[in-house]
Amino acid sequence: MAIRVVSTESMEIRASDDVVLVRQAVRKKSVALGFGLVDQTKVVTASSELARNTLDYGGGGRVHLETVENGTRSGLRVIFEDQGPGIPDIKLALTDGYTTGSGMGLGLSGAKRLSDEFEIDSKPGEGTRVSILRWK
Ligand SMILES: Nc1ncnc2c1ncn2[C@@H]1O[C@H](COP(=O)(O)OP(=O)(O)O)[C@@H](O)[C@H]1O
Ligand SMILES: [Mg+2]
């Protein structure tokens with residue numbers, strides 16, 4: 001069934017403080033949707049990792065928080081976009097422990113595991129878009 005966007009809110013990710021603001025905004029939306037504490041924490045943790053990547057590897061970007069529904073269920077979709085260097089090998093980047101920085105290499109793979117739907121689209125030299133969705 002087609003996904004309908006009920007409401008949307010965008011924020012810039014330019015500095016570490018913005019990552020904190022993203023966490024807070026995602027928490028707020030998940031509470032408003034009636035997510036339980038475990039689901040709230042899953043989507044907040046995944047969003048935090050992706051916001052960090054947008055900042056650290058993408059050179060900053062934007063996040064879109066969407067309340068969605070598919071006729072029977074409502075959910076929260078969080079989309080991260082940057083115009084950074086992109087990811088040359090997405091499969092490799094999704095491997096547990098793979099990092100080109102000083103992280104643990106568990107952000108992308110963790111975000112995927114914590115989400116019901118996960119999409120990543122990246123083109124070297126153009127940027128990266130990562131979308132996660134958690135249904136209630
Ligand atoms: N937005 C992005 N732009 C460019 N590269 C990225 C982006 N997000 C992730 N990557 C690449 O994928 C790798 C794995 O990311 P992640 O699993 O979050 O681990 P970590 O952040 O610990 O490096 C990063 O080290 C980086 O090379
Ligand atoms: Mg990371």
Side-chain angles (χ1 to χ4, degrees):
M1 185 170 269
I3 292 176
R4 189 172 78 89
V5 179
V6 179
S7 75
T8 182
E9 175 189 339
S10 296
M11 301 166 68
E12 260 195 303
I13 301 173
R14 293 280 164 228
S16 285
D17 287 354
D18 295 329
V19 177
V20 177
L21 294 177
V22 171
R23 288 180 70 96
Q24 290 170 350
V26 170
R27 174 78 67 182
K28 198 174 157 190
K29 288 248 179 206
S30 59
V31 170
L33 273 161
F35 281 26
L37 192 55
V38 171
D39 278 359
Q40 287 173 36
T41 303
K42 284 181 179 174
V43 72
V44 169
T45 302
S47 297
S48 185
E49 290 293 332
L50 297 175
R52 220 339 114 188
N53 284 351
T54 298
L55 184 62
D56 290 349
Y57 302 113
R62 289 195 77 80
V63 57
H64 307 276
L65 279 71
E66 297 181 342
T67 301
V68 298
E69 55 143 67
N70 71 352
T72 51
R73 286 191 296 182
S74 54
L76 180 57
R77 182 159 63 190
V78 193
I79 304 164
F80 297 84
E81 291 173 338
D82 66 64
Q83 262 113 57
I87 302 175
D89 186 338
I90 291 172
K91 193 166 178 278
L92 184 61
L94 278 164
T95 306
D96 278 347
Y98 176 83
T99 179
T100 59
S102 53
M104 303 231 297
L106 294 169
L108 277 181
S109 55
K112 186 176 181 185
R113 277 192 292 269
L114 292 168
S115 307
D116 292 319
E117 291 174 34
F118 178 91
E119 284 172 19
I120 182 164
D121 189 16
S122 187
K123 288 193 188 70
E126 288 184 28
T128 299
R129 182 183 186 276
V130 183
S131 172
I132 56 171
L133 197 163
R134 182 99 201 161
W135 293 111
K136 175 158 191 274

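We're numbering straight along the sequence, starting at 1. Both ligands and their constituent atoms are indexed starting at 1 by order of listing.
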Hey, is Thr99 touching ligand 1 through its side chain, its backbone, both or neither, going by heavy atoms under 4.0 Å?
both
Is it true that atom CD of Glu119 has more than 12 heavy atoms of other residues, nucleotides or ligands lying nearer than 6.0 Å?
no
Among all the protein's non-hydrogen atoms, which is closest to atom 2 (C) of ligand 1, and how far away is it?
Tyr57 CB, 3.7 Å
Would you please determine whether Glu49 falls within less than 4.0 Å of ligand 1 on a heavy-atom basis?
no
Of Leu50, Asn53, Leu55, the residue with the heavy atom nearest atom 8 (N) of ligand 1 is Asn53
Which ligand 1 atoms does Leu106 reach within 4.0 Å, using its non-hydrogen atoms?
17 (O), 19 (O)
the protein heavy atom lying closest to atom 19 (O) of ligand 1 turns out to be Gly105 CA, 3.2 Å
By number and element, which atoms of ligand 1 are closer than 4.0 Å to a non-hydrogen atom of Asp82?
1 (N), 2 (C)
Enumerate the atoms of ligand 1 whose separation from the nearest heavy atom of Gly86 is less than 4.0 angstrom.
4 (C), 5 (N)
Around atom 17 (O) of ligand 1, find the nearest protein heavy atom and jot down its residue, atom name and distance.
Leu108 N, 2.9 Å
Nearest protein heavy atom to atom 5 (N) of ligand 1, by residue and atom, and its distance?
Ile87 CG1, 3.4 Å
Polar contacts were defined as any N/O atom of the residue lying under 3.5 Å from an N/O atom of the ligand; does this apply to Thr100 and ligand 1?
yes
Could you list the atoms of ligand 1 found under 4.0 angstrom from a heavy atom of Ala93?
12 (O), 14 (C)
Looking at Tyr98, which atoms of ligand 1 are within less than 4.0 Å of one of its heavy atoms?
14 (C), 19 (O)
What heavy-atom pair brings Glu117 and Trp135 nearest, and what distance separates the two atoms?
OE2-NE1, 3.0 Å
